[in-house]
Amino acid sequence: MIARKLKLYMACLALTGTATAVRADDTSPAQRSLSIGIAGQNTPRYSGSDKRNWQVVPVVQARDGAFFLDSEKGVGYDLQSDNGLWLEHTLGYNLGRSERNSLWRDGSDKLKGMGNINPAVNTAIAVGWSVTSWLTLEGKATLPLSESQGVSYQTSVTLVPWQTSTDTVALSSAALFGDSRYMNTNYGVNIRQSRRSGYSFYSAPGGFYGVDTSLTWEHQLTEQWGVLVSVDYQWLGSHAADSQIVSRRNEVGTTLGVLYSF
């Protein structure tokens, strides 16, 4: 599911490239950093919703060498080789989806009768390549650990067309995929759900289901303070959009954030 997500981590990654990743043979002292902030987001209530919601979320980013904590990704580590290839492994938490309007996770009253999608602990593995200082490629798989909600995949490309000492503009686009269990968890309507909600039965096939494209601008006000503006465009393919719970296959989200780095 194309869920609410914070784009701040992407801008920080674009600003530093993959410089914060630790090479496997690096003998230099461990890099340490801590950033905290707050962000406001205007997004659809759930993937495919025609209703919108404002949400204020905290931002936390901490790093000690290869290990990191990120409020969007979770906890994990990343390693990078001399040729620009990197590996990232994270342990995160998906808030799931409610069948009622929610201020802290995806959900809408229009989903009444569909039941809730339970929160789930997940693990993600990403492999990427910094082709140049302005171009990175990545493939990522996310697997649930505490719930049988299926596996999602994505392949993405990130361009940094403009970067100065105080400003970074990053453009990222990802092709989204999911297995049949993942697709039916988030877009399918089984017989019981159909009877309770009134939506027509729909068995969602696995495979490609959408594209997520983001344009982000980060401006460093001082050495410690930075601000972020991000616009996110999401398009759902027929595997998701053919479901009756999807009212809109083209969606736009915006994020405004402030970050303080120690």
Side-chain angles (χ1 to χ4, degrees), residues 1-10 13 41-53 55 72-73 90 92 94-99 102 105-108 110-111 114 117 120 122-128 136-144 147-159 170-190 193 199-216 230-255:
M1 179 174 58
I2 306 177
R4 296 177 190 168
K5 53 190 178 297
L6 204 60
K7 292 297 175 182
L8 193 56
Y9 80 92
M10 189 201 73
L13 176 63
Q41 297 178 293
N42 182 257
T43 59
R45 286 197 169 274
Y46 65 92
S47 180
S49 174
D50 57 355
K51 304 296 182 182
R52 304 185 67 81
N53 184 44
Q55 185 184 41
E72 196 277 338
K73 290 184 176 182
T90 57
N94 188 319
L95 295 175
R97 189 184 71 192
S98 172
E99 64 175 358
S102 176
R105 66 171 179 167
D106 286 359
S108 172
K110 294 186 69 173
L111 295 174
M114 290 291 296
I117 298 176
N122 58 57
T123 184
I125 299 176
V127 177
T136 60
L137 307 174
E138 184 183 81
K140 183 176 181 179
T142 303
L143 303 86
E147 295 283 338
S148 298
Q149 296 177 352
V151 182
S152 63
Y153 311 86
Q154 69 175 51
T155 57
S156 61
V157 56
T158 299
L159 298 173
L171 176 65
S172 179
S173 186
L176 308 175
F177 306 84
D179 64 14
S180 59
R181 183 180 292 274
Y182 176 88
M183 293 299 295
N184 280 288
T185 297
N186 295 287
Y187 300 103
V189 182
N190 61 36
Q193 290 172 325
Y199 291 118
S200 299
F201 171 82
Y202 179 65
S203 179
F208 170 76
Y209 73 93
V211 175
D212 187 357
T213 301
S214 301
L215 179 64
T216 305
S230 180
V231 178
D232 186 55
Y233 170 73
Q234 305 163 345
W235 174 84
L236 295 177
S238 59
H239 285 191
D242 285 349
S243 172
Q244 277 202 339
I245 70 170
V246 175
S247 301
R248 182 173 294 170
R249 67 189 305 174
N250 296 283
E251 303 173 334
V252 176
T254 56
T255 300

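Computed over heavy atoms, backbone and side chain alike; hydrogens, waters and symmetry mates excluded.
- Looking at Q55 and N53, their side chains never bring a donor and an acceptor atom within 3.5 Å of each other.
- Using a 3.5 Å distance cut-off with no hydrogens or angles, the side chains of R97 and N186 do not pair a donor with an acceptor.
- To the nearest 0.5 angstrom, T216 atom OG1 is 8.5 Å from L171 atom CG.
- Qualifying side chain to side chain donor-acceptor pair (under 3.5 Å) partners for S200, counting only residues two or more places apart in sequence or in other chains: Q244.
- Looking at S230 and T255, their side chains never bring a donor and an acceptor atom within 3.5 Å of each other.
- The main-chain N or O of G128 is never found under 3.5 Å from a side-chain atom of E138 such that the two would form a donor-acceptor pair.
- When the side chain to side chain donor-acceptor pair (under 3.5 Å) test is applied to T155, no partner is found at least two apart in sequence or on another chain.
- For the atom pair OG (S49) and CD1 (I245), the distance works out to 10.0 Å, reported to the nearest 0.5 Å.
- Among residues two or more places apart in sequence or in another chain, the ring pair (Phe, Tyr, Trp, His ring centres under 6.0 Å) test is passed with F208 by F177.
- Taking CZ of R248 as the start and CG of L236 as the end, the distance is 12.0 Å to the nearest 0.5 Å.
- A side-chain donor from one of N250 and Y233 sits under 3.5 Å from a side-chain acceptor of the other.
- For the pair A174 and Q154, the tightest heavy-atom approach, listed with the atom from each and the gap, is CB-NE2, 4.1 Å.
- With sequence neighbours excluded, no residue forms a side chain to side chain donor-acceptor pair (under 3.5 Å) with R181.
- Contacts of D50 classified as salt bridge (charged side-chain N to carboxylate O under 4.0 Å, His left out), with partners at least two apart in sequence or in another chain: K110.
- Closest non-hydrogen pair, Q193 versus G188, comes out as OE1-O, 3.6 Å.
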Side chain to side chain contact (heavy atoms under 4.5 Å, CB included) between V252 and V231: does it pass, once the steps are laid out? CA-CA 7 Å; V252 176; V231 178; 4.0 Å; yes

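- A side-chain donor-acceptor contact under 3.5 Å links S243 to the backbone of Y187.
- Considering only residues two or more places apart in sequence or on other chains, T142 meets the side-chain contact (heavy atoms from CB on, under 4.5 Å) condition with N122, A124, K140, S152.
- Under the side chain to side chain donor-acceptor pair (under 3.5 Å) criterion, S238 pairs with no residue at all, not counting sequence neighbours.
- Here the closest non-hydrogen pair linking A120 and Q149 is CB-OE1, 3.7 Å.
- Between the side chain of T185 and the main chain of G150, no donor-acceptor pair closer than 3.5 Å is present.
- Summarising the geometry, atom CG belonging to L176 is positioned 9.0 Å from atom OG belonging to S47; distances are rounded to the nearest 0.5 Å.
- Atoms CG and OG, on D212 and S172 in that order, are 7.5 Å from each other to the nearest 0.5 Å.
- Distance CZ/R105 to CZ/R45: 13.0 Å, rounded to 0.5 Å.
- Considering all non-hydrogen atoms of both residues, Y202 and N184 come closest at O-OD1, 3.8 Å.
- For V127, the side-chain contact (heavy atoms from CB on, under 4.5 Å) partners two or more places apart in sequence, or in a different chain, are L87.
- The minimum heavy-atom distance linking S173 with T213 is given by the pair OG-OG1, 3.0 Å.
- Side-chain contact annotation: N42 with T254, donor-acceptor N/O pair under 3.5 Å absent.
- When the side-chain contact (heavy atoms from CB on, under 4.5 Å) test is applied to L137, the partners found at least two apart in sequence or on another chain are W129, V131, L135, V157.
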